[in-house]
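Only one structure is covered here, and it is reproduced in the block below.
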Amino acid sequence: MSKKLIFYITFIVIIGISVIIYSIVNINIHYISDILILIIFSAICESLPIYINNNVSVSVAYAVDLMAILLYGPLEGAIIASIGNLLLIRNVNGKMKCALNIPYYKTLFNISQISISVFMAGLVYKYLGGCSRTIHIS
């Protein structure tokens, strides 16, 4: 890998892990059971992609991530998306793919980029006038 690529991956991982830690520290503890349920839904959606052809697939976990932002806000959305991505289990060409058999830097990069994306989308939604409903679903 080139030095630029290593720097980019390191930068994204540092920002992403910072977002995850910030979100965990500031989470509303009253909704922890709801968040755990949405993490399970997110992991299931990540594990069951829709295949467009043999080489291209689409995850529907975005729907769970968007719902998390709308219901609870950017902090909870970032946690749900990153942990759901961490827990994915997928059959790729007859081999089981999960966080334990993927190189650690790829796993860290994946959960970091999804946490940054969902957190920033939640902030944009919030600051453009959107409000989280913060209802209790369980």
Side-chain angles (χ1 to χ4, degrees):
M1 280 195 288
S2 71
K3 289 184 180 184
K4 288 181 181 179
L5 181 59
I6 292 171
F7 175 76
Y8 175 71
I9 291 171
T10 304
F11 178 75
I12 295 297
V13 167
I14 289 170
I15 300 298
I17 298 298
S18 299
V19 166
I20 292 169
I21 291 170
Y22 177 78
S23 298
I24 288 172
V25 169
N26 294 300
I27 195 170
N28 187 343
I29 200 74
H30 293 81
Y31 302 114
I32 196 72
S33 61
D34 299 344
I35 290 169
L36 291 174
I37 290 169
L38 289 177
I39 287 172
I40 292 168
F41 286 148
S42 180
I44 291 170
C45 289
E46 285 288 349
S47 299
L48 299 171
I50 297 173
Y51 286 95
I52 296 170
N53 62 34
N54 290 339
N55 299 322
V56 179
S57 65
V58 177
S59 169
V60 293
Y62 174 75
V64 177
D65 301 341
L66 180 61
M67 182 175 63
I69 290 171
L70 296 176
L71 291 177
Y72 302 106
L75 301 176
E76 292 81 357
I79 292 170
I80 291 165
S82 59
I83 296 175
N85 197 299
L86 181 67
L87 297 177
L88 80 87
I89 300 171
R90 193 178 290 166
N91 186 353
V92 178
N93 298 328
K95 295 182 181 179
M96 295 308 289
K97 177 182 172 184
C98 68
L100 299 176
N101 62 4
I102 298 173
Y104 72 93
Y105 61 91
K106 289 183 179 181
T107 300
L108 285 174
F109 181 82
N110 287 339
I111 65 170
S112 295
Q113 62 85 20
I114 194 72
S115 68
I116 293 168
S117 298
V118 171
F119 182 75
M120 294 305 293
L123 285 181
V124 168
Y125 171 72
K126 179 180 175 181
Y127 289 117
L128 288 178
C131 61
S132 300
R133 301 209 185 269
T134 59
I135 60 172
H136 192 65
I137 59 174
S138 58

Evaluate the side chain to side chain contact (heavy atoms under 4.5 Å, CB included) criterion for residues Phe119 and Leu75: first the C-alpha distance (whole Å), next the side-chain angles of each, then the deciding distance (0.1 Å), finally the verdict.
CA-CA 6 Å; Phe119 182 75; Leu75 301 176; 3.5 Å; yes

Under 3.5 Å, which donor-acceptor pairs link side chains of residues 77-88 to any protein atom two or more places apart or in another chain?
residue: Ser82; atom: OG; partner: Ala78; partner atom: O; Å: 2.9
residue: Ser82; atom: OG; partner: Ile79; partner atom: O; Å: 3.2

Could you check whether atom CZ of Phe109 has more than 12 heavy atoms from other residues, nucleotides or ligands sitting under 6.0 Å from it? yes

Same apolar cluster: Leu38 and Ile40, side chain cutoff 4.5 Å: no

When Ile102, Leu108, Thr107 are each screened for side chain to side chain contact (heavy atoms under 4.5 Å, CB included) with Tyr104, the one that passes is Leu108

CD1 of Ile111 to CD1 of Ile12, rounded to nearest 0.5 Å, is 13.0 Å

Value for CD1 (Ile32) from CD1 (Ile27), rounded to nearest 0.5 Å, stands at 4.5 Å

inquiry  = Please determine whether the number of non-hydrogen atoms from other residues, nucleotides or ligands lying under 6.0 Å from atom OH of Tyr125 exceeds 12.
reply    = yes

Ser115 and Gly16 have their tightest heavy-atom pair at OG-O, 3.4 Å

Rounded to the nearest 0.5 Å, the CD atom of Glu46 sits from the CG atom of Asn110 at a distance of 9.0 Å

According to a 4.5 Å side-chain heavy-atom criterion applied to Ile, Leu, Val, Met, Phe, Trp and Tyr, with indirect links allowed, do Ile6 and Phe11 form part of one hydrophobic cluster?
yes

Shared ILVMFWY cluster between Met67 and Val58, side chains joined below 4.5 angstrom? no

Decide yes or no for Ser112 and Ile15: does some side-chain heavy atom of the first lie under 4.5 Å from some side-chain heavy atom of the second? no

Rounding to 0.5 Å, atoms OG (Ser23) and CD1 (Ile35) come to a distance of 10.0 Å

d(Ile39 CD1, Ile44 CD1) to nearest 0.5 Å is 12.0 Å

OH of Tyr62 to CD1 of Ile114, rounded to nearest 0.5 Å, is 10.0 Å

*asked:* I'd like to know if the side chain of Ser18 reaches the main chain of Ile14, judged simply by a donor and an acceptor atom lying under 3.5 Å from each other, with no hydrogens or angles considered.
replied: yes

Hits for salt bridge (Lys or Arg N to Asp or Glu O under 4.0 Å) against Glu76, two or more places apart or cross-chain, chain-then-number order -> none

Quick check on the hydrophobic clustering: are Leu71 and Ile24 connected, directly or via other members, by side-chain heavy-atom contacts under 4.5 Å? yes

Are Ile9 and Ile20 in one and the same hydrophobic cluster, where Ile, Leu, Val, Met, Phe, Trp and Tyr link if side-chain heavy atoms are under 4.5 Å apart?
yes

